[in-house]
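Everything on this sheet refers to the single structure shown next.
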2 protein chains.
Amino acid sequence: MDIRELEYFVTVSELKNFTAAAHKLHISQPAISKAIHKLEEELGFQLLDRTQKKVLLTEEGVVFLDLAEDILARMAAAKNTMIEYKNLTRGTFRIAVPPLLGAYVFPQLFADFKKNYPSLEMSVIEDGSSTAVDLVRQEDVHVGLVILPPTLTDLHSHLITSQEIVVCLPTDHPLSRQPFLTFEQLKDEPIILYNEGFVLRRIILDEYAKYGLVPSVALSTNQFQTIKALVAKGVGISFLPKNSIKVVNHVTKIPLHPHLFLEMGLIWKPNKILPLACKAFIDFVNEFEYVK
Amino acid sequence: MDIRELEYFVTVSELKNFTAAAHKLHISQPAISKAIHKLEEELGFQLLDRTQKKVLLTEEGVVFLDLAEDILARMAAAKNTMIEYKNLTRGTFRIAVPPLLGAYVFPQLFADFKKNYPSLEMSVIEDGSSTAVDLVRQEDVHVGLVILPPTLTDLHSHLITSQEIVVCLPTDHPLSRQPFLTFEQLKDEPIILYNEGFVLRRIILDEYAKYGLVPSVALSTNQFQTIKALVAKGVGISFLPKNSIKVVNHVTKIPLHPHLFLEMGLIWKPNKILPLACKAFIDFVNEFEYVK
DNA sequence: CCCGTCAATAACTTATAGTTATCATACCAT
DNA sequence: ATGGTATGATAACTATAAGTTATTGACGGG
């Protein structure tokens, strides 16, 4: 008792004629006869009364027709649903986005993606880039839009944009008139950083360490706005992507020497089958030109 | 995309292992591989992630599993329902029963049948035997429990019981002391009959006609009780099955000469596939011994 | 780092769905 | 009645596809 047999039975029941049903189904009439016989054999009684000229449903046939139609309808609905997934008119995936990128890169990316795939759903998990990387590793999310850590061998990644990290210091700071600054010059300044779990913090500390320096961290937070306000108030200096701060009163941005860049991109787990929606997003990001 | 493929997919999804699923389904492992591949080929994307050690469902696979399980469950339910029809633990049929038989033959028949097939349902249409015969012809009912008309070539029938028709007349009637009566003796008596559509009426009038007589019909009704009451009141005489009237005050029953019998039985249309429940009833009636 | 487990693949076999040709029967028009 | 037409059943055959055995290749645990 398979789907094909049900289809044949339903068609014959509709048309009340084996030959007509055969035509409609583009097969020969004996094929229909055989299939109906097989079905009746399996059930143990007749579904169709062929003693008269017209084919008529038996009482049991009426009951079975109802059940068969329901099954066929559900089968068709299931196929349809899967076609929607295939056509990317249905689908969901999970993405981890740190606050910094959530504020400056993700909105444009998301808006443009939605324009192309309005039916796809994205579930965003906000967390620091380091944590985001782990979420991708553990498969809690399908992709991460993160500040790319320098070494990342076990995950695939795609660079979206790179931004220069600049020193942010109060306008009235003695160093604020320099064309560029070295870590040596900054070694005694108290600094304001993101909390643990944020790649930007790791990168800055690693840079200090390169020169054998250990800065004094005045405060750490995960609020971007807080960092800017604290710098303006003279609590300490900080390091932020050049384009993430437009114009802020009492804050001066000065490039580092040598220049330090922050790479932002998408990461995902290789050898792992992703939702079609997520693949579409990755492909989309590949084509995407990030405009600052 | 057929039922078998869905079954394989659901089993693999449950066991997260192709080989184990093959064992459970009593087929070889490559058969499973092939079926899953065919399914994925048709849908256009993978349902199962086989890159890791364990077989895992993809996001699309999770969705499809849900749909597949629903379809399989409905398929199983449909099969089950049909098995119930086959086992006669489910089923209905329509039967026409005239009031006379509804009162005296049918109750016992029905009660005994129900004892054997408690789950079967009968839909009873009450109408005169003549009408009942037409209902069977038109297939409005599957069987009729009727007074068998003398000639009935186009329908199958089965005799259940035969009863003698006796003359019913008031106890104080001049003829009430006779051991038997002829139609000749009754030719001037006003008679009370069933309405048109009742075989008993037809039979009585035909008997009169055999002797070239036309009786005067005082009144006709379709109420058995009315006939008895009118006879008791002396409105006229009547003719009824011997056993249908037990003891009624002021009514005397006298056999006819020659004896006239009424045959009661089941009729159904040949070359017409009946519901299994109805077949069971006909078979049951075949075995049934009617006790008066 | 090798071994065991497990899915994929290839070549072949079997089962069965489908085909053509033909027959049997019910119904309709003459 | 009665012959013609329409329609389903049957038989013999073919083609498709589901299943089998044998084998390979890849991943992960001890």
Side-chain angles (χ1 to χ4, degrees), chain A residues 1-43 45-58 61 68 137-139 153-155 269-273, chain B residues 1-43 45-58 61 137-139 153-156 269-273:
Chain A
M1 181 165 143
D2 65 8
I3 291 294
R4 194 183 33 79
E5 282 166 6
L6 297 187
E7 231 170 81
Y8 291 2
F9 170 66
V10 169
T11 306
V12 171
S13 299
E14 270 170 15
L15 301 175
K16 314 251 179 263
N17 182 315
F18 279 54
T19 310
H23 277 124
K24 187 169 174 189
L25 295 165
H26 306 295
I27 54 168
S28 67
Q29 169 264 311
I32 300 269
S33 280
K34 249 193 189 177
I36 300 288
H37 271 109
K38 192 182 154 239
L39 205 49
E40 290 178 332
E41 188 69 29
E42 189 180 339
L43 293 174
F45 48 80
Q46 277 186 249
L47 295 168
L48 295 166
D49 186 341
R50 284 149 283 192
T51 51
Q52 262 82 1
K53 180 88 183 174
K54 252 202 167 168
V55 174
L56 290 172
L57 284 164
T58 62
R137 281 206 184 93
Q138 295 158 221
E139 301 178 18
T153 53
D154 61 330
L155 298 179
K269 205 172 175 177
N271 304 323
K272 158 80 189 162
I273 295 168
Chain B
M1 182 164 140
D2 65 9
I3 290 294
R4 193 180 35 76
E5 283 164 6
L6 297 187
E7 231 170 81
Y8 292 2
F9 170 65
V10 168
T11 306
V12 171
S13 298
E14 270 170 13
L15 301 176
K16 314 254 181 259
N17 181 314
F18 279 54
T19 311
H23 278 125
K24 187 172 175 187
L25 295 165
H26 306 294
I27 55 168
S28 67
Q29 169 263 310
I32 301 269
S33 280
K34 249 192 188 177
I36 300 288
H37 271 109
K38 192 182 154 238
L39 205 50
E40 290 177 332
E41 188 68 30
E42 189 179 339
L43 294 174
F45 49 79
Q46 277 187 249
L47 296 168
L48 295 166
D49 186 342
R50 286 150 281 192
T51 50
Q52 263 84 1
K53 180 85 182 177
K54 252 200 166 165
V55 174
L56 289 172
L57 284 163
T58 62
R137 280 206 184 91
Q138 295 159 221
E139 302 178 16
T153 53
D154 62 331
L155 298 178
H156 279 170
K269 204 171 176 178
N271 304 325
K272 159 80 188 161
I273 295 169

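Per chain, numbering begins at 1; letters A, B, ... match sequence-line order. This structure is a prediction, so every number in the text was calculated from the model and none was measured.
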- Item | M1(A) backbone acceptor or donor facing E42(A) side chain under 3.5 Å |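 A pair under 3.5 Å: yes.
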- Check for a donor-acceptor pair, side chain of E40(A) on one end and backbone N or O of L47(A) on the other, with a separation under 3.5 Å.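 Between the backbone of L47(A) and the side chain of E40(A) there is a qualifying donor-acceptor contact (under 3.5 Å).
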Specify the closest pair of heavy atoms between [X] and [Y], including all atoms of both residues, with the distance to one decimal.
{"X": "I273(B)", "Y": "Q46(A)", "value": "CD1-NE2, 3.1 Å"}
{"X": "D49(A)", "Y": "T58(A)", "value": "N-CG2, 4.1 Å"}
{"X": "K269(B)", "Y": "R137(B)", "value": "NZ-O, 3.0 Å"}

- Note on the structure: Under a 4.0 Å heavy-atom criterion, the protein footprint on nucleotides 24-30 of chain C, written with B, S and -, is --SS---
- Can you give one letter per nucleotide of nucleotides 13-26 of chain D, going 5' to 3': B for a protein heavy atom under 4.0 Å from the base, S for sugar-phosphate only, - for none? -----SBBBB----
With rounding to the nearest 0.5 angstrom, report the [atom1] to [atom2] distance, [X] to [Y].
{"X": "I36(A)", "Y": "S13(A)", "atom1": "CD1", "atom2": "OG", "answer": "7.0 Å"}
{"X": "L39(A)", "Y": "F45(A)", "atom1": "CG", "atom2": "CZ", "answer": "9.5 Å"}
{"X": "F9(B)", "Y": "E14(B)", "atom1": "CZ", "atom2": "CD", "answer": "10.5 Å"}
{"X": "L15(A)", "Y": "I32(A)", "atom1": "CG", "atom2": "CD1", "answer": "9.0 Å"}

Take the protein atom [atom1] of [X] and the nucleotide atom [atom2] of [N], then report the distance between them rounded to whole Å.
{"X": "E41(A)", "N": "dA9(D)", "atom1": "CD", "atom2": "C1'", "value": "14 Å"}
{"X": "I32(B)", "N": "dT5(C)", "atom1": "CD1", "atom2": "P", "value": "20 Å"}
{"X": "L15(A)", "N": "dA6(D)", "atom1": "CG", "atom2": "C1'", "value": "16 Å"}
{"X": "M1(A)", "N": "dA17(C)", "atom1": "CE", "atom2": "C1'", "value": "18 Å"}
{"X": "I3(A)", "N": "dA17(C)", "atom1": "CD1", "atom2": "P", "value": "14 Å"}
{"X": "H23(B)", "N": "dA7(C)", "atom1": "NE2", "atom2": "P", "value": "11 Å"}
{"X": "L47(B)", "N": "dA7(C)", "atom1": "CG", "atom2": "C1'", "value": "16 Å"}
{"X": "N17(B)", "N": "dA8(C)", "atom1": "CG", "atom2": "C1'", "value": "14 Å"}

- Query: Is a salt bridge present between D2(A) and R4(B), judged by a nitrogen-to-oxygen distance below 4.0 Å?
  - Reply: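 No, this pair does not count.
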- Message: Can you tell me if T19(B) touches the phosphate of dC6(C), counting only side-chain N or O atoms and a distance under 4.0 Å to OP1 or OP2?
- Response: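 No, T19(B) has no side-chain N/O under 4.0 Å of OP1/OP2 on dC6(C).
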- Item | Angle by which the axis turns from one end of the helix from dC1(C)-dG30(D) to dT30(C)-dA1(D) to the other, five pairs per end, to 10 degrees |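 The angle separating the two end axes equals 30°.
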